[in-house]
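Letters A, B, ... mirror the listed sequences (proteins, then strands); counts begin at 1. These values consider heavy atoms only, across backbone and side chains, with no hydrogens, waters or symmetry-generated copies.
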2 protein chains.
Amino acid sequence: MLYKTPYICNIIYYSMLSGKFAISVHILTLLTKFPNDYLSSEFIAGSMNLNPVLVRKEIANLKAHHIVESKEGKNGGTKLAVDASKLTLKEVFEMTFEKIGLGYAKNQPNPDCPVGKKINENLAVLYAEMNQKVSLQLNDVTLEDFSAQF
Amino acid sequence: MLYKTPYICNIIYYSMLSGKFAISVHILTLLTKFPNDYLSSEFIAGSMNLNPVLVRKEIANLKAHHIVESKEGKNGGTKLAVDASKLTLKEVFEMTFEKIGLGYAKNQPNPDCPVGKKINENLAVLYAEMNQKVSLQLNDVTLEDFSAQF
DNA sequence: AAAACTGTAACTTTTTTTATTACTAAATAA
DNA sequence: TTATTTAGTAATAAAAAAAGTTACAGTTTT
């Protein structure tokens, strides 16, 4: 009897690409430039010099947000599912789960120290304001605007 | 004959702490709270739950910018060298070499693709504007303001 | 002279990111 | 109807980055 892998993944493992926003914007710009074609992950990966599997993972996220659609099989690929003039970079920003900020120390600070106890909370307030300002900025740039620069 | 290490380091190796800004702000807040004491790296590390050597490395950077001073030897440590009401978080931001942004894809994009060729340049323009807005925000917060929250 | 610090080099370990391999499923075209 | 191309995704491996550790020279203070 042949053992067949059951094609199930219990461990939810998702590569956390460091530049998710940059990668998503790159993908979306390409799709905007070729609005009538289904672009393959291989082609997109070629423009980004990135592994095609990682491109497909990012596309999976964009698909979950219904801004692109894919077609499997020969001549398959991905194309834009929305109007580039209607999609703002703020929406892309939110889809990539990214947050602006200047980081937190990795370890949990000492709760017995008055500073340690509240440092992350106070930094969070500072960073929240940053996010608000950045969101306003990104809300003014549509994918069409951004793509028109190329 | 005993071999003695020559106390020279040719390879410039500097741990690139991910939350340099957060760590520096934490250190500076502690120094502001205890303006009359030289705080040891051990003490600071205890509040941050971080290795003392890493604290000393961050302090080295702050020293290079002349905003703190250290004293070696017994009862030594670090204290603020400037007025907390004169130092803004924008200055700290700049000292930690941090830049706001949403990242770049790690690999160099394909220069033969019109999008790959210009993607980083166009993202940089976007990010530059973000930095400007964030700088304006941080310029309004002094170390004294921030520390007063604790 | 002992003790308590800073400063910093040289590793080591851990964690995070990125890449690869492998295979299922789907769609197309010859 | 069969070969081919493509998406989707699991599992693993490799590479890179971050954090931690050890060790010790040099400084002050007591």
B/Lys57 NZ to D/dG20 C1': how many Å, rounded? 9 Å
Return each pair, listed once, that meets salt bridge (charged side-chain N to carboxylate O under 4.0 Å, His left out) where at least one residue sits in residues 132-148 of chain A; pairs must be two or more places apart or across chains. A/Glu129-A/Lys133
If only side-chain N and O atoms of B/Ser70 are considered, is one of them under 4.0 Å from the OP1 or OP2 phosphate oxygen of C/dT6? no
Between C/dA19 (C1') and A/Asn51 (CG): distance, integer Å: 5 Å
For B/Ile23 and D/dG20, give me the distance from atom CD1 to atom C1', rounded to whole Å. 12 Å
Side-chain heavy atoms of B/Cys113 within contact of A/Leu30, under 4.5 Å: yes
Among C/dT15, C/dA25, C/dT28, find the nucleotide with the atom closest to the side chain of A/Lys106. C/dT15
For the pair made of CG in B/Asn75 and P in D/dT28, what is the distance, rounded to whole Å? 13 Å
Name the nucleic acid region contacted by B/Ser41, choosing base, sugar-phosphate or nothing; use a 4.0 angstrom heavy-atom cut-off, strictly under. sugar-phosphate
By nearest atom, which of the nucleotides C/dT28, D/dA7, C/dT21 is closest to the A/Val53 side chain? C/dT21
Give the rounded distance in Å between these two atoms: OH of A/Tyr104 and C1' of D/dA19. 20 Å
Reading DNA chain D from 5' onward, which residue's closest nucleotide shows up sooner: A/Gly76 or A/Pro52? A/Gly76
By nearest atom, which of the nucleotides C/dT8, D/dT6, D/dT29 is closest to the A/Ser40 side chain? D/dT6
5′-ward residue of the pair A/Gly73/A/Asn49 relative to DNA chain C: A/Asn49
If we ignore angles and hydrogens, is there a donor and acceptor under 3.5 Å between the side chains of B/Ser70 and B/Thr78? yes
Salt bridge or not for A/Lys20 and A/Glu58, using N-O below 4.0 Å? yes
Closest to the A/Ile59 side chain: D/dG8, D/dA23, D/dG20? D/dG8
Gap between atoms NZ and P, on A/Lys63 and D/dA7 respectively (whole Å): 10 Å
Take atom CZ of A/Arg56 and atom P of C/dT20, then tell me their distance rounded to the nearest Å. 13 Å
Whole-Å distance separating the CG atom of B/Leu54 from the C1' atom of D/dA19: 6 Å
Might you list the N or O atoms of the protein lying below 3.5 Å from N or O atoms in nucleotides 1-3 of chain D, with each pair's distance?
none

For the rings on B/Phe150 and B/Phe146, is their centre-to-centre separation under 6.0 Å? yes
With a 4.0 Å cutoff (strictly under), does any side-chain N or O of B/Asn107 reach OP1 or OP2 of C/dA19? yes
First locate atom CG of A/Asn75, then atom NZ of A/Lys71, and finally report the distance between them rounded to the nearest 0.5 Å. 6.5 Å
Pairwise distance CG(A/Leu80) to OH(A/Tyr38) - rounded to 0.5 angstrom: 11.5 Å
